[in-house]
Structure formats: C-alpha cells, structure tokens
There are 2 protein chains.
Amino acid sequence: MRPDDFPEIRALPLFRDMEEERFHALMRGAYVQNFPPQVDLIREGEPSDFLHVLLDGLVELFATWNGRETLLATTRPVTTFILAATIRDAPYLMAARTMTRARIVLIPSEDVRAAFDADPAFARAIVADLAQGYRSVVKNTKDMKLRSSLERLANYLLREQRRAGGAPAFDLPFDKRRLASLLGMTPENLSRAFKSLQAYGVATDGGRVAIGDQADLERFAKPNPLIDDRTT
Amino acid sequence: MRPDDFPEIRALPLFRDMEEERFHALMRGAYVQNFPPQVDLIREGEPSDFLHVLLDGLVELFATWNGRETLLATTRPVTTFILAATIRDAPYLMAARTMTRARIVLIPSEDVRAAFDADPAFARAIVADLAQGYRSVVKNTKDMKLRSSLERLANYLLREQRRAGGAPAFDLPFDKRRLASLLGMTPENLSRAFKSLQAYGVATDGGRVAIGDQADLERFAKPNPLIDDRTT
DNA sequence: GTCAAGGATTGATAAATGTCAATCAAGGAA
DNA sequence: TTCCTTGATTGACATTTATCAATCCTTGAC
C-alpha cells in the first residue's frame, strides 16, 4: 500500500506522532481490503496476524461460548481494533464481523511490534490507546455489574444523545437486536425497557429516539463520569 | 526508599528489564507503607498520584454506584495495581481497600511516566502489562455476559483449583460474601449455587472446597481458555 | 469457658429477566 | 405494486436472581 494513500490513518492518535520513515515502512507492508456486509473478519482464538484499521463502514466485535453469542462493542471509522492481541501476540479474544460494506487496512502484527520497539513516539501512542481501552472495558464492567438492564439502557441513551451533540432526538447506530445484546439483555426485554422509559419522557419511532426531558431521564439514570464518560 | 530494599519489586516483570539507574531513580522517590486491615487506600474519582505495588497482604478493588458496591478484583503479592490510571494520568476508576494487614510501595505516578518516556525496556513492560490487564478484563466481561451465575461459580472453582496446583481440595482466598460480589451475585444466591454444584461433585466445608470429579464438573462448566485462562 | 458479632445458610416471597409463540411492521426484490 | 424476509413487539409463562427475615455457625474478646 502507498503510504500517503490514506491521510486519515496518519491522522489517527496512534500513528500521528510516528517518525515519517517508520510510518512509511509500516504502510508498505499493509494493504486495504473491501468487504461486503456480514463477513467474518476475525474468529475467536485465531492468532492475531493483523492489526485492523477501519476506514469506512461499521464492524461489530462479539464473543461466543457454549452456543451463545454476545456483542461486546462496535467500531466506527476511523479506529483500530484488537490492538491488545497484536501487542501480546496472543489469540483474538473477540470475533469481528462487518455490519455494512467496509474498507479496512490490515497491518501485519509483526510490523506493528517492530515499529513499537523502534519508535518511542509510537510506543507512547500504543500505551495511551491500550490504557484508554482498558479503562473503557472497566467502565463497561461497572455498568454491567452495578446497574439493572433498565438503568443501562437509560444511561446508554444519554451517552448516545451526548455523542449526537446533545440534540433531543437521534438515531440508534444499529438495530435493536444488536443493542439488546450489547446491553446484555434479550430483544424482548429491551422492547419492554423502552416502554418503561416512556415514563421518563423517552419516545421511540423505529430506530429514532427522542428524549423529551433530559433532566428527568438523568434523575432516573444517574449517569456517572466514572462509568459513562467513555473518552477519558 | 533504598532501591535494593525489596528485590521482589525488581523481580516483577514490570521492572525486571529496566536500566539499573532508572530503577534506582524510580525507587528513590517511592516509599513503603504498612496498613492495617479494612483501610481505604484509594477512592474512585481521585487523581492517580501513585502507582501501588502490593508486597504483602491482600487488597480488594471495588466500585460503587448509587449506593451499590461490587468487587471487581483482588490482588495478591507481588502485583502492581491501577497502572492504567497512572499512565493516562486520569482519575481512579476503582477504589482499593486492604483486606488484611498489607505492605505497599507507593511510586509517584509522575516518576512512572517519566521513566516510561526515558526507558524503552520499561515502556515495553508497561505495554505488556496493560495489554494483559486489558485482555483479562475482556475475559471477565465474556464470563459475565455469556454465563449464568452457576456457570460462573463452576468455572471460578476450576480456575482456583488450577491455581492451587490442580489439587482436588483448596481454600477459597476470601470469604463467600466477597466471592459472591466478585461473581456478580448475592451471598444467598452463592450459597444456593454451591448446593446446586453438589450434583457435580463439589463439596464445601466452610472456606474449603473439594472437587470430587473434575471431569464431571468440567462437563457442566465447559471452561474455555479464551475466558478462563487468565495468564495469556 | 461464655458471650457477642458477623458471616453463612435456609425458607418464603418478590422482582427481574429470559423463553416461546404469535403477530405486526418495515424495507427490499422482483 | 406485491410478496417475502427480517426485525420488532406483545402476551403468557418459566427461570433466574434478589430481597427479607430468621436461624445457625464460627470465631474472637474477655
């Protein structure tokens, strides 16, 4: 792949401060692929041969056990995913599948580790990324262990609203079946949870959500930056 | 603190490969403290001023929200904790409290970050530690989302047995109230779960657990390295 | 030894959540 | 357009888990 093909990669926090030559070397070994929707990119337990960078489209990260499946996260452009497995040279803990058509850069894990060893700026960026990812998963664990499914939904909606710039109405980023799995509940339970939140001014129309009275919903949801602020 | 006082710190993966001079500088700013049981070491939301290294005793890491509390992890010697907050220079996401008398080294976070910038070997070790911690939390999330409380207990017992060297009987490392919280259930539910596992050869006598037929318990628990192997 | 305190267990009951089945609604293909 | 597929919703019911209260048991202080 030509190093200057995708300036948005270079602009990512992870690559922004790399030495120019290093970045070029890394990109020379990388390649871009286009995938249709519903394609398995990664399976749990496989060796982590590539660091993935999502340029376009949506990807879901999920895990399975004993015939059950749960959605752990979704990624939107431009983000890397499964960095920890790449760094540890350990098997993937999650599977990844495209939700839409997607354009993805694949960087050989070996090259990433080599660049890490050679470029202090890159090393710093990787650590920042990992520490942030770590904290993000811890927040998610607190969400799961300390809150009921109704409380999780309420706080999820407040987070999404924030992401949408604080507007009173916004679209869910994917279907409700996936949202239910992400929040650790069944679609039926989610459907009933939405109905319960009507009492706090939440209205839905398909995938569109309107929050009538944010303060009222917050009184119920009790959002907390140490759980719900997914940026620090 | 005198740098050579505690060779077990130097032996930790995190510090093992540091340059000698760097390690000494780091230790000069550090100090050791002894704490009685049940002492709050860290509160959620506080700035992360120190990286902690547990030399002796047991420490619990927990989180609270809306009057509820949940145990997220316990640490045993010799381990560091809350590395991610130190690296990010962000507030603690968990609180920490001694469970027993404990001896702890406190290293100013600023010094850790300086050492990280100056010593590539230390940087590598930090990344390895973070990536491992990250993966460990992901495994825990899978455990929580994919398994019932009974299945979580069964797999927990198999992990503890493994840690005890595979012996058929071993002691729980702390009381059942804490174990229940760690597994995300109430003490009453845990008590009943232990009773249910009698059908699979699990016997308890206070804090002592005996696994009569490991293969039988495994048939029920279906342990999976991508969830239960907490070392890779 | 006795006693007090806290954890563990048990029983009864309630609440939360999941399952199954049926129906409904929306969107894409022809 | 019409049909068909898939996701969403609803109702009835089962299961899991929590709550509350009582009792039991262990352990440590005296």
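We name chains A, B, ... by the order of the sequence lines, and we start the count at 1 in each one.
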Check your understanding: When you check the phosphate oxygens OP1 and OP2 of C:dT17, does a side-chain N or O of A:Ser149 lie under 4.0 Å from one of them?
Key ->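 Indeed, a polar side-chain atom of A:Ser149 lies that close.
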Exercise for review: Using a cut-off of strictly less than 4.0 Å, decide whether A:Ser191 has a side-chain nitrogen or oxygen near OP1 or OP2 of D:dA8.
Suggested key: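 So the side chain of A:Ser191 is outside the cut-off, no N or O lying under 4.0 Å from OP1 or OP2 of D:dA8.
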Can you tell me how far [atom2] of [N] sits from [atom1] of [X], to the nearest Å?
X	N	atom1	atom2	value
B:Arg177	C:dA5	CZ	P	17 Å
B:Leu190	C:dT10	CG	P	12 Å
B:Arg147	D:dT17	CZ	C1'	19 Å
A:Met144	D:dT17	CE	C1'	15 Å
B:Met185	C:dT9	CE	C1'	14 Å
B:Lys176	D:dT26	NZ	P	11 Å
B:Leu150	D:dT15	CG	P	15 Å
A:Phe194	D:dT10	CZ	P	12 Å

Check your understanding: Contact class for A:Gly184 vs. all strands (heavy atom < 4.0 Å): base, sugar-phosphate, or nothing?
Key ->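 Sugar-phosphate contact only - A:Gly184 comes under 4.0 Å of backbone atoms but never of a base.
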Check your understanding: A:Asn189 or B:Glu188: which one's nearest nucleotide on DNA chain C is closer to the 5' end?
Key ->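 Mapping each residue to its closest nucleotide by heavy atoms, the 5'-most match is B:Glu188.
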Exercise for review: Can you check whether any acceptor in the base of C:dG11 is under 3.5 Å from a donor in the side chain of B:Arg192, or vice versa?
Suggested key: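 Result: at least one qualifying N/O pair found.
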Review point. Minimum heavy-atom separation for A:Phe15 to A:Ile9, with atom names?
Key: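 Scanning both residues, the minimum pair turns out to be CD1-O, 3.4 Å.
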Review point. What heavy-atom pair brings B:Gly184 and B:Met144 nearest, and what distance separates the two atoms?
Key: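 Shortest heavy-atom separation between B:Gly184 and B:Met144 comes out as CA-CE, 4.1 Å.
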Exercise for review: Apply the salt bridge (Lys or Arg N to Asp or Glu O under 4.0 Å) test between B:Asp228 and each candidate in B:Arg147, B:Lys139, B:Arg162, B:Lys142; give the one that qualifies.
Suggested key: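 Exactly one pass, corresponding to B:Arg147.
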Check your understanding: Of the candidate nucleotides C:dT17, D:dT9, D:dT10, which contains the atom at the shortest distance from the side chain of A:Pro187?
Key ->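 That would be D:dT9.
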Review point. Of the candidate nucleotides C:dG7, D:dG7, D:dT9, which contains the atom at the shortest distance from the side chain of B:Asp175?
Key: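 Of the candidates, C:dG7 comes closest.
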Review point. Hey, does the side chain of B:Ser136 reach the backbone of B:Arg230 with a donor-acceptor pair shorter than 3.5 angstrom?
Key: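 Between the backbone of B:Arg230 and the side chain of B:Ser136 there is no qualifying donor-acceptor contact (under 3.5 Å).
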Point to revise | Side-chain H-bond candidate by donor/acceptor type, B:Ser181 with B:Glu69, under 3.5 Å | key: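 The answer is no; no qualifying pair exists.
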